[in-house]
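Read through the structure below, which is laid out as structure tokens, and then see the notes.
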Amino acid sequence: MAQKVRVRFAPSPTGPLHIGGLRTALFNYLFAKKHQGDFVLRIEDTDQNRFVEGAEAYITESLNWSGIPYDEGPEKDGGYGPYRQSERKHLYIRYADELLASGKAYYAFDTSEQLDAHRKDHEANGKTFIYNWHNREKGRLVNSLVLSEEEVASRIASGEPYVVRFKSPQDRILELKDIIRGDMRIDTNILDDKILFKSDGMPTYHLANIVDDHLMEISHVIRGEEWLPSLALHVLLYEAFGWASPEFAHLPLILKPVGKGKLSKRDGDKLGFPVFPLEWTDPKSGDVSRGYKEDGYFAETVVNFLALLGWNPGTEQELFSLEELVSSFDLARVNKSGARFDPEKTKWFNHHYLQTKLDLELAESFKSHTSALADIDINYVALIVGLIKERATFVSDFWDLSSFFFEAPVDYNPKALKKGFKEETADILQQVIHIITRTREFTAQNLEAKIKDWITDQGIGFGKVMMPLRLALVGDLKGPDVFDIMFMIGKNECVKRLDTFLEVAQA
Ligand code: GLU
């Protein structure tokens, strides 16, 4: 690769960024970093009708939260700005004019009513109307290929609305290359003459996208499969301008967890998982869509599962840090076929990344989400987190797994009570209380040794002691090591809980 690698993520700020869009950004980022290149963010906001308040900020926040910040983009000039197409408006007209002058594009004045009428006519004959080589010069369509130069000039001078259309070449077989899909051949006769520019001064996506990729010296265009049908036009535009074309890679669709079709917000709503990185409040309706971050997923989880949607390392490895992804990533290992989204797998990743976090960090998050912990020392919470986190997938699981460290049980699981409280239990627990009271050095180890020795001496079944003991402390037969729990809640609390348990169980 002689040319410096420069890639761009070019979203339109029309709403929250779907995780499919974030995957596109991630693959661009990985490719750029792997090749010591630049990752550019370009905001494609030429369609003012679809502009949504807050969508651009949402995009940048999502990239930052995911740990894949852009090198160049809005508010981060790298010498190729501005990076919002709405701020580049003045540039595009020149390029539309250039194509008009070289005969590669033409003016068209057909009104939408006229075009509708053509569509209806065609439909009535079982055909589809396409504005193309076949009919553009037949006289029924109103464009500069059939009108005289004077007529065109006077229509424009009088302020009549027009569009500039690309004159797709006739009778050519185009050879298209895609890093993921390989070589493709396309007959140019199936193409329509796409609109490039409108008399309101705005370019369409196609023109703005090509001009900007060229001016920003983009070397590789990595984007979603939905843009594959535009590839022929884009390649023809590069050719028409006489510019070298970047390389292209179209990423496979992300498919629904079950059934056919691509992953949608509805799938997430139905099956209970987010399809957006961050929570999003629609500025018009006020509707709130859940986000991975707010649902308790770590950025590492999202990056890891997104990386494996369409790409595979060629090994069994599934857990990847961002650095590992950068070094292993290769567009040649991106599949052509759609990648099925698996919400259970994302939880598995989160469970893993939760284990890698510092207990103190998790404790802070746990505390900030749990009012009952407001007055509890953070270091104490961290110790408890260390004892229970291996059973958790999210920080929001912590309270259920650990409430008994902070609060005495208010009731006892009736099934467990039946199983664990027998005739001899009251006597046994009285003796346990006795041992506890006499244990000076109140550590988990010491308690374990004392209580186990006593059990062995007495020849009582282990379960006969441990089951009711756990039940008294926890309210159920769950939780981490009983001796750890005893140590953490302390001697007085242990005795208090055992006394209460005996009262309730014998009542
Ligand atoms: N603005 C387009 C989008 O919203 C960009 C497509 C491309 O990357 O060329 O996805």
Side-chain angles (χ1 to χ4, degrees), residues 9 11 16-31 33-34 58-59 61-69 180 222-225 251-259 261-280 289-331 333-357 389 392-397:
F9 175 49
L17 183 64
H18 185 275
I19 51 167
L22 188 61
R23 186 205 47 181
T24 300
L26 173 65
F27 283 22
N28 273 283
Y29 173 90
L30 296 176
F31 184 76
K33 298 302 140 194
K34 166 117 195 190
Y58 182 94
I59 291 165
E61 279 163 26
S62 300
L63 297 180
N64 288 334
W65 176 70
S66 310
I68 54 170
I180 296 166
I222 305 169
R223 61 185 173 191
E225 179 180 291
L251 306 175
L253 289 178
I254 299 181
L255 305 174
K256 297 175 181 307
V258 279
K262 64 176 186 183
L263 178 70
S264 70
K265 179 165 160 354
R266 283 208 9 232
D267 300 314
D269 292 343
K270 219 165 57 196
L271 299 169
F273 61 85
V275 297
F276 301 118
L278 311 178
E279 193 174 271
W280 166 259
S289 303
R290 56 206 280 191
Y292 275 90
K293 179 184 173 204
E294 292 75 8
D295 269 20
Y297 289 86
F298 300 106
E300 295 93 321
T301 302
V302 173
V303 162
N304 200 148
F305 84 71
L306 284 180
L308 294 173
L309 284 175
W311 171 77
N312 73 82
T315 64
E316 293 293 301
Q317 188 177 348
E318 288 190 295
L319 296 165
F320 287 89
S321 67
L322 193 57
E323 294 70 36
E324 287 174 307
L325 286 173
V326 168
S327 61
S328 330
F329 188 73
D330 185 353
L331 281 174
R333 297 209 71 93
V334 175
N335 305 328
K336 284 199 253 308
S337 50
R340 198 170 282 292
F341 179 73
D342 180 352
E344 286 313 308
K345 197 68 193 255
T346 65
K347 291 187 183 150
W348 178 82
F349 281 119
N350 214 59
H351 172 81
H352 167 78
Y353 286 108
L354 187 135
Q355 311 311 314
T356 68
K357 300 277 168 188
K389 72 176 178 185
T393 300
F394 301 104
V395 171
S396 58
D397 297 336

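Between the side chain of N304 and the main chain of F320, a donor-acceptor pair closer than 3.5 Å is present. For E294 (side chain) and L278 (main-chain N/O), no donor-acceptor pair under 3.5 Å exists by modelled atom type. One N or O on the side chain of K34 and one on the backbone of F329 form a donor-acceptor pair closer than 3.5 Å. Side chain of R333 to backbone of N312: a donor-acceptor contact under 3.5 angstrom is found. The backbone N or O of L255 lies less than 3.5 Å from no partner atom in the side chain of K262, so there is not a single donor-acceptor pair. Judged purely by atom type and a 3.5 angstrom limit, K357 has no side-chain atom pairing as donor or acceptor with the backbone of F298. At least one donor-acceptor pair closer than 3.5 Å links the side chain of R340 to the backbone N or O of K256.
Closest approach of Y297 and V302 over heavy atoms only: CB-CG2, 4.4 Å. When every heavy atom of I254 is checked against every heavy atom of G20, the shortest pair comes out as CD1-CA, 3.7 Å. The two residues G310 and P252 come nearest to each other via the heavy atoms CA-CG, 4.0 Å. Heavy atoms only, all atoms of each residue included: H351 and A392 are closest at ND1-O, 2.8 Å. Residues I59 and P11 share a closest heavy-atom pair of CD1-CG, 3.7 Å. Annotation for L17 and S62: closest pair CD2-CB, 4.1 Å, computed over non-hydrogen atoms.
Listed by chain and number, the residues in a ring-ring contact (aromatic ring centres under 6.0 Å, His included) with Y29 are F39 (sequence neighbours excluded). Residues passing the side-chain hydrogen bond (donor to acceptor under 3.5 Å, both in side chains) test with N350 are T301, sequence neighbours excluded. Every residue was checked against the ring-ring contact (aromatic ring centres under 6.0 Å, His included) condition with F276, not counting sequence neighbours, and none meets it.
Atom CG of N28 and atom CZ of F9 lie 8.0 Å apart (nearest 0.5 Å). Summarising the geometry, atom CG belonging to L322 is positioned 7.0 Å from atom CG belonging to L26; distances are rounded to the nearest 0.5 Å. The line from CZ of R23 to CG of L30 is 11.5 Å long, rounded to the nearest 0.5 Å. With rounding to the nearest 0.5 angstrom, the CG atom of L331 is 4.5 Å from the CD1 atom of I222. Taking OG1 of T356 as the start and NZ of K389 as the end, the distance is 7.5 Å to the nearest 0.5 Å. For the atom pair CG of L251 and CG of L309, the computed distance is 11.0 Å after rounding to the nearest 0.5 Å.
Residues P313 and L308 meet the side-chain proximity criterion, which asks for heavy atoms closer than 4.5 Å. Here the side chains of P69 and L63 are not in contact, with every heavy-atom distance at 4.5 Å or above. Here the side chains of L263 and L253 are not in contact, with every heavy-atom distance at 4.5 Å or above.
Under the 30°/60° scheme for interplanar angles, the aromatic rings of Y292 and F341 are found to stand perpendicular.
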* Asked: Going through the checks in order, is the side chain to side chain contact (heavy atoms under 4.5 Å, CB included) test met by K347 and F394?
  -> CA-CA 8 Å; K347 291 187 183 150; F394 301 104; 4.2 Å; yes

* To do: Determine, stepwise, if the pair W348 / L319 fulfils side chain to side chain contact (heavy atoms under 4.5 Å, CB included).
  => CA-CA 10 Å; W348 178 82; L319 296 165; 3.9 Å; yes

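The six-membered or imidazole ring of W280 lies near that of Y58, with a centre-to-centre distance under 6.0 Å.
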